[in-house]
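Quick note: numbers below take in every heavy atom, side chains included, and nothing from hydrogens, waters or symmetry partners.
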Amino acid sequence: MDTSSFDPQKVMDLVTEHVVNFAPKLALAIITLIVGLWLISLVGNAIDYLLEKKDFNISLRKWLSSVATVLLKACLFISVISMLGVKTTSFIAILGAAGLAVGLALQGSLSNFAGGVLILIFKPFQVGDYIVAQGEEGVVEAIDVFCTFLVTLDNRRIILPNGPLASEQVNNVTHEPIRRVDLSVGISYNNSVDDAERAILEMAKCDERILNEPAPFVGVVGYGDNSIDLTIWVWCKTDDYWDVYFATNRAIKPALDKANISIPFPQRDVHIIDKSA
């Protein structure tokens, strides 16, 4: 090996020149990284604070602030390495391809996630509401980013994916402060409809849980084979719905009995024809 042309001084000068030229870039990149991380931390805390003021769900708050932090850190990382002279075009292309592959693999999960975000933002229902959706019904126990948990009246736990839940019909039974209780009863054709209506409305006045406004209503809905069919509407607080439903159903018959109104049972008139006559 020929070392006659090797000049240590030239090598040292070359290294020194590269260090001198690279040092400002490295220093600026380090300063940018430190200041950037500090600013990103402030932004993450600010996002969490603002979402908390808007009464966002805590799970959604933490997720949105963490996503914003990760995206900002990724941008900061790309900026820092570009300041050091590293070409970032290929790096960004690789990240984009990886993101696309992950998105396709998690398409169903992302749909549920998007649905969860919409539910947590627009709040079509909240924890404690009784809802009917996707053929299931129950009290909302928890709303996660990917799914919603219901507890049924017979104490079963139902887990519903948020994707369909956000895009399909949901019946929020307990959202409004008051509800209407719908009942029905049939009376004999021999009885007076006015007397029956009066007896039922008097009965409704005796229950303090039944509201005066909107007022109770009794009306004829049809004429059956054996009875005149009446519908009964009474309003109550949503929390009292089932108590009023069962209590009113139970009180109808005694109220009609007191007014001498009979509730008929199915019957038929049979005519016997004597063909031998």
[Y] backbone acceptor or donor facing [X] side chain under 3.5 Å:
| X | Y | answer |
| --- | --- | --- |
| N191 | S262 | yes |
| S188 | P264 | no |
| T174 | Y130 | yes |
| S79 | C75 | yes |

Hydrophobic clusters here meaning ILVMFWY residues chained together by side-chain heavy-atom distances under 4.5 Å, can you tell me if [X] and [Y] are in one?
| X | Y | value |
| --- | --- | --- |
| V139 | F125 | no |
| I261 | Y223 | yes |
| V43 | L76 | yes |
| Y245 | L201 | yes |

With side-chain hydrogen bond (donor to acceptor under 3.5 Å, both in side chains) as the rule and sequence neighbours excluded, what pairs involving residues 208-219 come up? D207-R209
Under 3.5 Å, is there a donor on one side chain and an acceptor on the other for D194 and S192? no
State, without any angle test, whether D182 and T231 hold a side-chain donor-acceptor pair at a distance under 3.5 Å.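 Result is no, nothing qualifies.
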Going from CD1 on I252 to CE on M203, what distance comes out if it is rounded to the nearest 0.5 angstrom?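 Answer for the CD1-CE pair, I252 versus M203, is 5.0 Å.
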Straight-line distance of L256 CG to I187 CD1, nearest 0.5 Å: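 These two atoms lie 7.5 Å from each other.
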Heavy-atom closest contact (P161 atom, N112 atom, distance):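 That closest heavy-atom pairing would be CB-OD1, 3.5 Å.
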I need the minimum non-hydrogen distance between G186 and I263, along with the two atoms involved.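 In terms of heavy atoms, the two residues are closest at O-CG2, 3.4 Å.
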Y189 atom OH, neighbour heavy-atom count above 12 within 6.0 Å: yes
So that I can tick it off, tell me whether D154 and R156 are bridged by a salt bridge, with the cut-off set at under 4.0 angstrom between side-chain N and carboxylate O. yes
Mind telling me whether F217 and W233 have parallel, tilted or perpendicular rings, with 30° and 60° as the class edges? tilted
